[in-house]
> 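Dropping the structure in here first, questions after.
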Amino acid sequence: MTSIIEFIHALGKYDFLQSALLTAVMVGIMSGIIGSFIILRGMSLMGDAISHAVLPGVAVAYMLGINILIGASVFGVLAALLIGFVASRSKIKTDTSIGVVFSAFYALGFILISMAESSTNLHHILFGNILAVSDSDIMTTAVVLGLVILFVVTFYKELLVTSFDETYAKTYGLNVQIIHYALMLVLTLVTVSALQTVGIILVVAMLITPAATAFLWTDKLNVMLVLSAVVGVISSITGLYFSYTFNWASGPAIVIVAAMLFAVSFVASPKQNFFKLKRSVAR
């Protein structure tokens, strides 16, 4: 087993590990920030849908030899629009339309990946491989992180109001639909950026788990954003350590750490009152 000191020594020695750490930290921050808005809006299933719906976009981009960010973004936004269209033009509920659209996109992605004969790339797309990030991956992640921070800072009040009271937001004159689809676009960009780190299958966990952990500790949005980003960073760094030490897939390792932090918060947070609840039940 690699000790923490040896891991730190390896960080100073190997460029690929430095790149992995930098990418992990950036993904942890952006996932935590956007994930906070996703869970406050009750859109966890939408986050799952977008993360799976980008797969055909990744496949098309791979086949055309273009940046996967372009292809994935197009299909992510298309999926969000199609889900909204189906939900508004039919009698089925939104969660049903989400299930239909994202499963169809996901299946299409598998077919396109098979046609491209890129099974190795498919494995990395599904489960991530943070130890193999390239300079272009780092640059893409940095750009997306900058866009996420700019988006949240610029539209903080609008996101705050629409996340907690959509009816009041409409009365206030805010265009709720535009804000929603803008958030979906940013969510898509974050999802694509996290592909190399945790993969499509587990990216929704990084969007939801750190934010859910932070939610257990505070009722203030600004504090929640910071805590969620911190949990995301801790999960990413610790997961990277386990990935490097035990030769685990990076995605599952990072997500397991995030889940453990959530479990501790579920038991220990004052907001949850877990121990008080157990005492009252015992009486």
> Do the side chains of Ile98 and Leu108 join up, straight or via other hydrophobic residues, at under 4.5 Å, putting them in one cluster?
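The answer is yes; both residues are in one hydrophobic cluster.
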> For Phe7 and Tyr241, take the angle between the two ring planes, folded into 0 to 90°, and tell me which bin it lands in: parallel under 30, tilted 30 to 60, perpendicular over 60.
perpendicular
> State, to 0.1 Å, how close Thr188 and Ala72 come at their nearest heavy-atom pair, and which atoms those are.
CG2-O, 3.4 Å
> Check Phe262 against Ala212 and note the closest heavy-atom contact, atom names and distance.
CE1-CB, 3.9 Å
> Does the plane of the ring in Tyr106 sit parallel, tilted or perpendicular to the ring in Phe110? Use 30° and 60° as the thresholds.
perpendicular
> If you round to the nearest 0.5 Å, how far is CG of Leu240 from OG of Ser250?
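Ser250 OG to Leu240 CG: 8.0 Å, rounded to 0.5 Å.
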> Just wondering, do Ile138 and Met26 contact through their side chains at under 4.5 Å, heavy atoms?
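Heavy-atom side-chain distance check passes, below 4.5 Å.
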> Is there a path of hydrophobic side-chain contacts, each under 4.5 Å between heavy atoms of I/L/V/M/F/W/Y residues, joining Val176 to Leu160?
no
> Do the side chains of Val60 and Phe75 get nearer than 4.5 Å, heavy atoms only?
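A side-chain contact exists here, since the closest heavy-atom pair is under 4.5 Å.
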> Picking from Val257, Thr213, Thr209, what satisfies side-chain contact (heavy atoms from CB on, under 4.5 Å) with Val231?
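Among Val257, Thr213, Thr209, the one that satisfies the side-chain contact (heavy atoms from CB on, under 4.5 Å) with Val231 is Thr213.
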> How about Leu185: does its CG atom have over 12 heavy atoms from other parts shown lying under 6.0 Å from it?
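Yes, the 6.0 Å shell around CG holds more than 12 heavy atoms from other groups.
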> Would you indicate whether the side-chain heavy atoms of Ile29 and Val230 approach each other to under 4.5 Å?
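Heavy-atom side-chain distance check fails, nothing below 4.5 Å.
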> Take atom CZ of Phe85 as the centre, draw a 6.0 Å sphere, and report whether it contains more than 12 heavy atoms from other residues, nucleotides or ligands.
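Counting neighbours around CZ of Phe85, 12 or fewer heavy atoms of other residues, nucleotides or ligands fall under 6.0 Å, so no.
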> Whether the side chain of Ser193 engages the backbone of Thr141 through a donor-acceptor N/O pair (distance < 3.5 Å, no angle test) should be reported.
no
> I'd like to know if the side chain of Ser103 reaches the main chain of Val100, judged simply by a donor and an acceptor atom lying under 3.5 Å from each other, with no hydrogens or angles considered.
yes
> Group every Ile, Leu, Val, Met, Phe, Trp and Tyr by side-chain heavy-atom contacts under 4.5 Å, then state whether Val186 and Ile178 land in the same group.
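As far as the 4.5 Å side-chain criterion goes, Ile178 and Val186 are not connected within one cluster.
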> Can you check whether Gly32's main-chain N or O pairs, donor with acceptor, with Ser36's side chain at less than 3.5 Å?
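Side chain of Ser36 to backbone of Gly32, a donor-acceptor pair under 3.5 Å: yes, one is there.
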> Have a look at Phe105 and tell me which of Ile50, Val54, Leu55, Leu78 forms a side-chain contact (heavy atoms from CB on, under 4.5 Å) with it.
Leu78
> Taking all non-hydrogen atoms of both residues into account, name the closest pair between Val233 and Val25 and its distance.
CG2-O, 3.7 Å
> Is there a side-chain contact between Leu202 and Pro252 in this structure, where contact means two heavy atoms from C-beta onward sitting under 4.5 Å apart?
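Result yes, sub-4.5 Å side-chain heavy-atom pair found.
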> How many angstroms lie between atom CG of Leu147 and atom CE of Met30, to the nearest 0.5 angstrom?
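Answer rounded to 0.5 Å: 9.0 Å.
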> To check you understand the geometry: which heavy-atom pair defines the closest contact between Leu159 and Val152, and what is its length?
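The pair with the smallest heavy-atom distance is CD1-CA, 4.1 Å.
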> Going by heavy atoms in the side chains, are Tyr181 and Val77 under 4.5 Å from each other?
no
> For residues Ile83 and Ala49, report the shortest heavy-atom separation together with the two atoms involved.
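Heavy atoms only, the tightest pair is CD1-CB, 4.1 Å.
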> What I'd like to find out is whether the side chain of Met224 reaches to under 4.5 Å of the side chain of Ile39, using heavy atoms alone.
yes
> Step by step, would you call Ile34 with Ile38 a side chain to side chain contact (heavy atoms under 4.5 Å, CB included)?
CA-CA 6 Å; Ile34 292 302; Ile38 296 303; 4.1 Å; yes
> For the residue pair Leu112 and Tyr62, establish whether any side-chain heavy-atom pair is separated by less than 4.5 Å.
no
> Measure the CG-OG distance between Leu187 and Ser51 for me, rounded to the nearest 0.5 Å.
8.0 Å
> Using the rule side-chain hydrogen bond (donor to acceptor under 3.5 Å, both in side chains), only one of Arg41, Lys157, His180 pairs with Thr162; which is it?
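Between Thr162 and the candidates, side-chain hydrogen bond (donor to acceptor under 3.5 Å, both in side chains) is satisfied uniquely by Arg41.
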> Linking I/L/V/M/F/W/Y whenever any side-chain heavy atoms sit under 4.5 Å apart, do Leu17 and Leu22 land together?
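In one cluster with Leu17: Leu22, yes.
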> In Å and rounded to the nearest 0.5 Å, what is the CZ to CD1 distance from Phe242 to Ile237?
13.0 Å
> Give, for atom CD1 of Ile179 and atom CZ of Phe155, the distance between the pair rounded to the nearest 0.5 Å.
8.0 Å
> State whether the number of non-hydrogen atoms from other residues, nucleotides or ligands found under 6.0 Å of Phe164 atom CZ is greater than 12.
yes
> Can you confirm whether Tyr156 sits close enough to Leu221 that some side-chain heavy atom of one is under 4.5 Å from a side-chain heavy atom of the other?
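Counting from C-beta outward, Tyr156 and Leu221 do come under 4.5 Å.
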> Can Met139 and Ser134 be said to form a side chain to side chain contact (heavy atoms under 4.5 Å, CB included), step by step?
CA-CA 9 Å; Met139 183 61 67; Ser134 63; over 6 Å; no
> Tell me if a side-chain donor or acceptor on Ser19 pairs with a main-chain N or O of Asp15 at a distance below 3.5 Å.
yes
> Check whether the side chains of Thr140 and Asp137 place a donor and an acceptor atom closer than 3.5 Å, and report yes or no.
no
> Give me the atom names and distance for the closest heavy-atom approach of Ser31 to Val190.
OG-CG1, 4.1 Å
> Say whether Val58 and Val27 are linked into one hydrophobic cluster, either directly or through other cluster members, by side-chain heavy-atom distances under 4.5 angstrom.
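Hydrophobic grouping puts Val58 apart from Val27.
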> For the OG atom of Ser228 and the CH2 atom of Trp217, what is their distance to the nearest 0.5 Å?
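Between Ser228 OG and Trp217 CH2, I get 14.5 Å after rounding to 0.5 Å.
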